[in-house]
Amino acid sequence: MTGFQPDWESLRAHRIPQWFGEAKFGIWSHWGPQSVGRSGDWYARHLYGMQPWSEPWERKRATRQQAHHRSHFGRGGAKDLFPRWRAERFDPDELIDLYVSSGARYFVALATHCDNFDLWDSGLHEWNATRIGPRRDVVGAWERAARAAGLPFGLSFHNNWTWRWLDVAHGSDPDTGEPYDGALTKSDGTGEWWEGLDPAALYPPRHAPGAKPPAAVAEGFYARLREALDRYRPDLVYLDDGRLPFDAGSVVESEPVSAAGLDLLAHYYNTCPTGGLVTVKQVPDADRTAVVLDCERRQLDAAEAHPWQFDTSDGEWFDCSDDDPMFHPRKSPRQVIHTLIDVVSKNGCLLLNVPQHADGTVDAHARRLLAEVGDWLRVCGEGVYETTPWTRAAEGGTGLGQTKGYEHYNEAERAYKASDIRFTRRGDALYATLLAWPDDGTAAITSLGTAAGLLERRPGRVELLGHGPIGWRLEPEALYADLPSEPSTTAAYMIKIT
């Protein structure tokens with residue numbers, strides 16, 4: 001359907017493209033100037049240290065990251081990261097090939113983070129990667145490589161946060177009392193590396209904590225967003241917000257609240273060749289086709305009626321060399337595989353960020369992780385891709401746990417048991433994935449026992465993917481499957497019932 005109007009009633013007629021519901025696994029390049037610090041997330045904000053209006057949870061992170069920044073780079077501000085980010089070894093074709101081999105079926109590139117630096121050839125914002133740092137269109141390079149590999153291509157935008165995120169640039173150095181670089185003017189750049197650029201176009205204007213931005217801020221955000229969408233024609237757009245940015249309920253509401261997000265949705269859906277989809281993080285049931293639910297590091301308990309996305313990272317969102325418990329730990333292949341099958345059983349897609357070094361490369365840990373996930377998917381992908389949820393998504397007693405941390409996440413490396421099973425369906429085949437290998441060599445799938453009443457017909461064949469047919473028997477309390485002496489895959493073990 002085309003001819004969408006900028007209102008929710010019209011936009012609810014939008015349908016989530018088929019490719020997304022079938023893809024199940026994507027890779028995200030959440031990469032940019034903040035990777036220079038190798039000190040994790042929120043770096044461009046926290047290099048300024050704590051300010052009186054900083055949130056309480058930031059205290060340790062800001063203190064640590066400011067000390068790290070001063071030790072390695074001196075006393076510059078966020079803008080001074082940009083020329084240090086040169087991406088000199090960035091090879092998008094090699095990386096996309098790596099991601100395809102890991103089993104990824106779509107790819108998302110960071111377009112602009114909260115540091116307000118565009119990674120693309122922006123005609124509306126001078127602080128961008130074609131003028132500073134890499135001096136190339138990073139988004140354009142990703143887009144060409146992804147399309148050449150046949151992957152749907154997405155873009156993520158986070159600069160709606162800039163108003164409340166880079167306000168720290170208007171603070172002052174606690175040691176010297178000198179104002180930070182938010183106070184600089186264009187004329188101050190004479191003879192500096194940033195000569196000709198205006199800090200007022202990068203940093204938000206000084207404002208009281210909690211003050212709402214004027215309408216012009218929302219208008220500027222959506223003008224840049226629309227320019228990027230028209231130029232790169234992404235199949236997916238990730239918005240880092242609870243609702244449409246600057247509208248009611250968003251992380252930064254403008255004054256008055258902005259309806260420009262509805263205009264953008266209608267324009268995007270009317271012009272995207274593949275139909276388009278936009279993700280946000282709080283979606284009422286009525287809007288689940290107008291926008292797609294995205295859950296950041298937060299797994300869901302039950303299957304959703306519409307496809308949704310779980311996004312997470314192998315460690316911090318940005319490259320991090322510090323193993324302090326404050327930072328997110330790197331992930332094991334087992335955790336990624338467990339998360340993937342759990343999310344897919346609930347009608348979701350897993351978007352996994354792979355941190356890149358500032359030079360554009362990924363490390364040995366990431367390559368090992370991707371290789372093992374790819375090995376598993378080459379055996380078990382038929383029970384992942386193009387599947388739909390079964391009558392029951394899961395069985396077993398190991399829960400997802402309570403939310404925690406400043407992101408309210410619940411992801412974890414869990415000690416699953418052989419009784420923890422996830423279900424998917426593809427055509428006439430039902431897939432039951434064990435999240436641990438049973439010590440006694442027998443899989444007991446209680447949801448498939450005749451007493452449960454969930455089986456549509458008696459099975460004709462049971463097989464362990466990667467091994468072949470296995471013996472089985474159907475009893476009131478469970479379907480029992482006789483497993484071989486050794487697992488045929490690592491991390492999770494998929495049984496196909498036909």
Side-chain angles (χ1 to χ4, degrees), residues 23-30 94-108 151 296-299 309-317 319-321 323 327-346 348-357 361-385 387 394 396 398 400-401 409-418 420-422 424 431-438 464-467 483-484 486-495:
K24 306 303 183 186
F25 180 43
I27 296 293
W28 191 3
S29 172
H30 195 286
E94 188 272 333
L95 291 173
I96 290 292
D97 286 345
L98 175 68
Y99 302 150
V100 169
S101 71
S102 78
R105 293 288 179 91
Y106 66 106
F107 175 78
V108 177
L151 294 182
E296 181 176 335
R297 297 189 188 269
R298 182 171 59 87
Q299 293 172 247
Q309 181 171 262
F310 172 87
D311 62 273
T312 188
S313 180
D314 174 22
E316 293 277 291
W317 293 112
D319 187 25
C320 186
S321 60
D323 61 0
F327 297 111
H328 288 282
R330 302 296 294 272
K331 286 184 168 53
S332 70
R334 177 181 298 272
Q335 184 179 352
V336 172
I337 291 167
H338 285 170
T339 301
L340 173 61
I341 194 61
D342 178 76
V343 167
V344 170
S345 74
K346 297 165 184 174
C349 296
L350 168 62
L351 179 63
L352 175 68
N353 175 57
V354 179
Q356 287 170 246
H357 296 318
T361 60
V362 298
D363 65 14
H365 178 280
R367 289 179 180 273
R368 285 193 300 271
L369 183 150
L370 293 169
E372 291 195 33
V373 172
D375 288 344
W376 187 84
L377 279 167
R378 274 182 280 278
V379 175
C380 299
E382 66 172 86
V384 174
Y385 306 121
T387 60
T398 304
L400 297 177
Y409 63 91
N410 66 352
E411 64 173 4
E413 182 98 54
R414 298 185 178 89
Y416 284 114
K417 301 174 182 177
D420 294 309
I421 302 172
R422 299 296 182 265
T424 54
Y431 299 87
T433 304
L434 313 182
L435 300 185
W437 189 256
L464 177 67
L465 296 191
H467 172 78
L483 302 176
E486 295 294 332
S488 55
T489 53
T490 60
Y493 318 97
M494 188 173 284
I495 297 172

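Listed for the H338 side chain is a donor-acceptor partner under 3.5 Å among the backbone atoms of A491. Listed for the Y385 side chain is a donor-acceptor partner under 3.5 Å among the backbone atoms of G103. Between the side chain of T339 and the backbone N or O of Q335 there is at least one donor-acceptor pair closer than 3.5 Å. Side-chain N or O atoms of R297 include none that pairs as donor or acceptor with a backbone N or O of N410 at under 3.5 Å. The backbone N or O of G315 sits nowhere less than 3.5 Å from a side-chain atom of K331 that would complete a donor-acceptor pair. No donor-acceptor pair under 3.5 Å is formed between the side chain of T424 and the backbone N or O of S345.
In this structure, the side chains of V373 and V336 come closer than 4.5 Å at one or more pairs of heavy atoms. Counting heavy atoms from C-beta on, the side chains of I337 and L377 never come closer than 4.5 Å. The side-chain heavy atoms of L400 and R414, taken from C-beta on, include a pair separated by under 4.5 Å. Taking 4.5 Å as the limit, some side-chain heavy atom of R367 sits within range of a side-chain heavy atom of L98.
The shortest heavy-atom contact between S488 and L465 is OG-O, 2.8 Å. Nearest heavy atoms, A418 versus W437: CB-C, 4.1 Å. Taking every heavy atom of both residues into account, T387 and E382 meet most closely at CG2-O, 3.8 Å.
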- Task: Tell me, with the steps shown, if I421 and L435 meet side-chain contact (heavy atoms from CB on, under 4.5 Å).
- Result: CA-CA 6 Å; I421 302 172; L435 300 185; over 6 Å; no
- Apply side-chain contact (heavy atoms from CB on, under 4.5 Å) to M494 and Y431, showing your working. CA-CA 6 Å; M494 188 173 284; Y431 299 87; 3.7 Å; yes
- For L352 and Y99, run side-chain contact (heavy atoms from CB on, under 4.5 Å): C-alpha distance rounded to whole Å, both residues' side-chain angles, the deciding distance at 0.1 Å, then the answer. CA-CA 10 Å; L352 175 68; Y99 302 150; over 6 Å; no
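Put simply, the residue from T489, I341, D375, T433 that forms a side chain to side chain contact (heavy atoms under 4.5 Å, CB included) with C380 is T489. The residue from S313, S29, C320 that alone fulfils the side chain to side chain contact (heavy atoms under 4.5 Å, CB included) condition with P355 is S313. Across D323, D363, D319, a single residue satisfies salt bridge (Lys or Arg N to Asp or Glu O under 4.0 Å) together with R330, and that is D363. Each of L351, N353, V108 was checked for a side chain to side chain contact (heavy atoms under 4.5 Å, CB included) with H30, and the lone residue meeting it is N353.
Between the side chains of E413 and S332, at least one donor-acceptor pair of N or O atoms lies under 3.5 Å. Q299 and Y409 are not linked by any side-chain donor-acceptor pair at a separation below 3.5 angstrom, with hydrogens and angles left out of the test.
Taking the salt bridge (charged side-chain N to carboxylate O under 4.0 Å, His left out) definition, one finds that R422 meets it with D342, sequence neighbours left out. With sequence neighbours left out, R298 forms a salt bridge (charged side-chain N to carboxylate O under 4.0 Å, His left out) with no residue at all.
Ion pairing between a basic and an acidic side chain is recognised when a charged N comes within 4.0 Å of a carboxylate O; D420 and K417 show no such pairing.
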